[in-house]
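All remarks here apply to the structure that follows.
Numbered from 1 within each chain, the chains take letters A, B, ... in sequence-line order.
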Amino acid sequence: MGMSIAHIMASCMGGIRTAGDLVAWMQMTRKMKINDAKAYVAGKLGIDVFDLTDEEVMRDIRKDLGIGTVTSIAGSPKGIRAKIKIAELLGIKIRSVELFKKQIGI
Amino acid sequence: MSKKILTRMGDGERLWMDAEEVMDDIQDGSEDAARRLGGKPLSQEEQEKLFEILAEPSRIVSVNPGEEVIVSDDGCTMSFYSGQDGGGTGTPLSRQQAVLTYERACGADTTSMGHSDYSYKPVKSIINFEANDYYNISQVTTAPFFYGAQPNMGLYFQPDGPCPNAAELMPLGKIDEARASQEEACEYLTDDLEFVGSRLADIGLEGLNFDTSGSAGDADFLAALKGVERLKAKYPDLPILMGGAGEFVLGMHGKITYNGRQVAGMYTPDQAKAVEKAGADIFGMAVNTVTTESVPWNLARAVTFLKATTEATNLPVHANVGMGVCGVPMMEQPPIDCVTRVSKSLVQLGKADGL
């Protein structure tokens with residue numbers, strides 16, 4: 001476990017603390033190399049690539065867009081509700097979201 | 001260059017090396033990889049940058065701001081609640097608690113779950129339990145959530161599986177029989193990869209990981225490639241991460257081909273090309289750590305393989321950086337001084353798209 005955390009501290013984008021999950025979705029769904037994936041996400045968010053890993057910038061963006069924040073905010077989207085918004089934001093299909101939408105008829 | 005550098009051997013033993021010795025090991029490790037690849041070793045400038053990372057006196061290091069990459073995982077959440085055999089800490093958490101802790105407390109870019117055995121064959125008989133847990137957890141996760149396991153073709157040989165044991169046939173000189181047994185096992189494995197992947201895909205699977213493909217040799221690697229092909233034909237939108245088992249696919253069969261190429265002997269650039277051809281979305285590159293060589297030697301070797309691999313494929317390449325791969329020492333508790341140096345070097349010099 002310590003090894004995984006060490007890699008996260010040394011090299012990771014930060015997951016839902018910042019924009020790591022968003023960039024990961026682009027690698028998974030569009031086979032994007034890291035720089036292309038970062039540029040794509042930064043473009044969708046309207047920020048510089050350098051700010052993708054800045055908690056001070058991404059915290060407010062994530063809260064405002066309702067795409068999930070690392071601290072739990074009562075009434076703020078997380079989980080599948082946040083992923084619906086992430087899929088819309090990035091223009092991608094997330095398979096769990098597609099199933100959920102099908103189940104509730106949207 | 002007379003100062004001593006604190007580093008480790010590939011088995012984790014700490015040692016002080018002269019700066020000249022570190023530079024020599026970097027050169028030798030890189031040349032070893034280049035010789036195998038038929039390519040060039042790291043440039044003098046790259047070797048000096050690697051030296052700087054290794055010689056940095058701080059306990060841990062990190063990539064420069066703005067150069068962060070995606071850190072995916074292969075069942076890291078299992079390390080919370082599993083025991084020693086899984087590198088686990090024995091913390092009493094449910095699977096869902098572990099996944100959410102990894103996502104929210106650790107800030108991981110992706111999360112995952114898998115069966116404790118971490119092989120596809122045993123998942124088949126409990127697929128409904130796995131699908132149920134996956135589905136429930138996927139409703140509450142925000143970061144990409146993978147299901148992962150190893151193809152692990154070894155489980156298809158007697159006494160654990162239905163096929164005659166190829167490893168027992170070969171020493172008897174029964175090479176044709178051993179090959180036939182591996183071909184049969186390859187078919188069973190491909191069917192199981194398709195079965196498990198399909199069942200999970202039907203309940204909204206966000207990403208599938210074929211981890212350590214080729215651990216039982218070229219037929220094992222072929223099964224994973226064919227598994228990717230079949231699943232992509234059925235579910236084109238299913239993201240698949242396919243990772244290798246080492247820098248070199250073992251020729252346990254020897255005559256297996258994929259897309260007209262011999263699979264045995266494929267180094268990481270060719271592995272990546274085959275994975276791309278099969279239709280996977282991310283390639284996981286593994287280079288085994290040599291325990292009798294130093295971390296500088298192993299890391300230089302891994303960076304050289306990675307650089308050639310990222311240049312050879314259009315896919316994003318995630319370097320596998322668990323215990324005993326890509327320069328991480330081969331031990332249960334890899335020391336964070338080496339782990340972070342491996343992390344930084346693979347990203348900044350090897351141009352990894354992820355780890």
Side-chain angles (χ1 to χ4, degrees), chain A residues 1-38 48-55 67-72 77-83 86 92-100 102, chain B residues 60-63 65-73 76 79-80 87-89 102-104 106-110 135 138-145 201 203-207 235 237-239 241 281-282 310 314-316 321-323 328 333-334 336 339-340 343-344 346-347 352-355:
Chain A
M1 199 69 245
M3 179 184 64
S4 306
I5 293 171
H7 282 305
I8 287 172
M9 293 299 109
S11 302
C12 177
M13 289 198 67
I16 64 171
R17 288 173 60 84
T18 55
D21 58 325
L22 309 181
V23 175
W25 284 120
M26 299 319 299
Q27 289 198 336
M28 293 167 62
T29 60
R30 300 273 180 88
K31 308 183 182 190
M32 287 183 174
K33 296 269 194 179
I34 186 67
N35 291 335
D36 294 336
K38 285 181 176 178
D48 291 338
V49 167
F50 191 65
D51 290 333
L52 289 172
T53 49
D54 184 347
E55 287 91 340
I67 57 175
T69 52
V70 74
T71 54
S72 190
K78 249 190 171 64
I80 198 74
R81 291 157 296 152
K83 284 189 284 196
I86 288 170
I92 60 171
K93 285 189 176 180
I94 296 176
R95 301 188 78 263
S96 60
V97 168
E98 292 300 305
L99 178 62
F100 182 81
K102 186 177 170 186
Chain B
I60 60 174
V61 301
S62 75
V63 299
E67 296 188 36
E68 301 88 348
V69 297
I70 297 306
V71 175
S72 56
D73 74 286
C76 283
S79 297
F80 281 108
T89 58
Y102 194 54
E103 173 187 277
R104 299 173 189 182
C106 300
D109 289 324
T110 73
Y135 174 74
S138 73
Q139 301 303 295
V140 293
T141 50
T142 304
F145 179 41
I203 52 93
L205 180 64
E206 295 174 356
Y235 309 97
D237 62 346
L238 174 63
L241 191 168
D281 301 274
I282 299 173
T310 53
N314 295 313
L315 295 182
V321 284
M323 304 150 185
V328 174
Q333 292 175 232
I336 61 172
V339 169
T340 56
S343 219
K344 178 171 182 169
L346 293 172
V347 172
D353 298 288
L355 299 175

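Heavy atoms closer than 4.5 Å to chain B are found in the side chain of A/Ile86, but not in its backbone. Looking at A/Lys33, both its backbone and its side chain come within 4.5 Å of chain B, counting heavy atoms on both sides. Only the side chain of B/Thr110 comes within less than 4.5 Å of a heavy atom of chain A; its backbone N, CA, C and O stay farther away. Proximity to chain A (any heavy atom under 4.5 Å) is shown, for B/Phe80, by both the backbone and the side chain. For A/Lys102, no part sits under 4.5 Å from any heavy atom of chain B, backbone or side chain. Contacts of B/Leu346 with chain A are absent, with no heavy-atom separation under 4.5 Å from either backbone or side chain. Contact annotation for B/Val61: only backbone heavy atoms (N, CA, C, O) come within less than 4.5 Å of a heavy atom of chain A.
Evaluation of the side chain to side chain contact (heavy atoms under 4.5 Å, CB included) rule for A/Glu55 yields A/Arg17, A/Thr18 as partners, not counting sequence neighbours.
Remark: the backbone N or O of A/Ser96 is not paired with any side-chain donor or acceptor of A/Glu98 at under 3.5 angstrom. With A/Lys78 contributing its side chain and B/Val140 its backbone, the two residues share no donor-acceptor pair below 3.5 Å. For the pair A/Gln27 (side chain) and B/Asp353 (backbone), a donor-acceptor distance under 3.5 Å is present. Distance alone, capped at 3.5 Å, is enough to place a donor-acceptor pair between the B/Thr142 side chain and the A/Gly79 backbone.
B/Tyr235 is listed as a side-chain neighbour of A/Arg95, based on a closest heavy-atom distance under 4.5 Å. Counting heavy atoms from C-beta on, the side chains of A/Val23 and A/Ile34 come closer than 4.5 Å. A 4.5 Å side-chain heavy-atom check between B/Thr141 and A/Lys83 finds at least one atom pair inside the cut-off. Within the 4.5 Å cutoff, no side-chain heavy atoms of B/Glu68 are placed close to those of A/Ser11.
Taking both residues in full, the closest heavy atoms of A/Met32 and A/Ala37 are given as SD-CA, 3.6 Å, listed atom of the first, atom of the second, then distance.
Of the residues considered (B/Asp73, B/Leu205, B/Thr310, B/Val347), B/Leu205 shows the highest number of contacts with chain A, using heavy-atom pairs under 4.5 Å. The candidate from A/His7, A/Met9, A/Met3 with the greatest count of non-hydrogen atom pairs under 4.5 Å with chain B is A/His7. In terms of heavy-atom pairs under 4.5 Å with chain B, the best-connected choice from A/Gly20, A/Ser4, A/Cys12 is A/Cys12. Chosen from A/Gly14, A/Gly68, A/Ala82, A/Gly2, the residue pairing most often with chain B at heavy-atom distances under 4.5 Å is A/Gly14. Between chain A and the residues B/Asp281, B/Val71, B/Thr89, the most heavy-atom pairs under 4.5 angstrom are made by B/Asp281. The residue among B/Gly207, B/Ala352, B/Gly322, B/Ala201 with the most heavy atom pairs within less than 4.5 Å of chain A is B/Ala201. Heavy-atom pairs under 4.5 Å with chain B peak, among A/Ile5, A/Thr53, A/Val70, at A/Thr53. The residue among B/Val63, B/Ile60, B/Leu355 with the most heavy atom pairs within less than 4.5 Å of chain A is B/Val63. Ranked by heavy-atom pairs under 4.5 Å with chain A, the list B/Glu103, B/Glu67, B/Glu206 is led by B/Glu206. The candidate from B/Ile282, B/Thr340, B/Asp237, B/Ile336 with the greatest count of non-hydrogen atom pairs under 4.5 Å with chain A is B/Asp237.
Surrounding CD of B/Gln333 are at most 12 heavy atoms belonging to other residues, nucleotides or ligands under 6.0 Å away.
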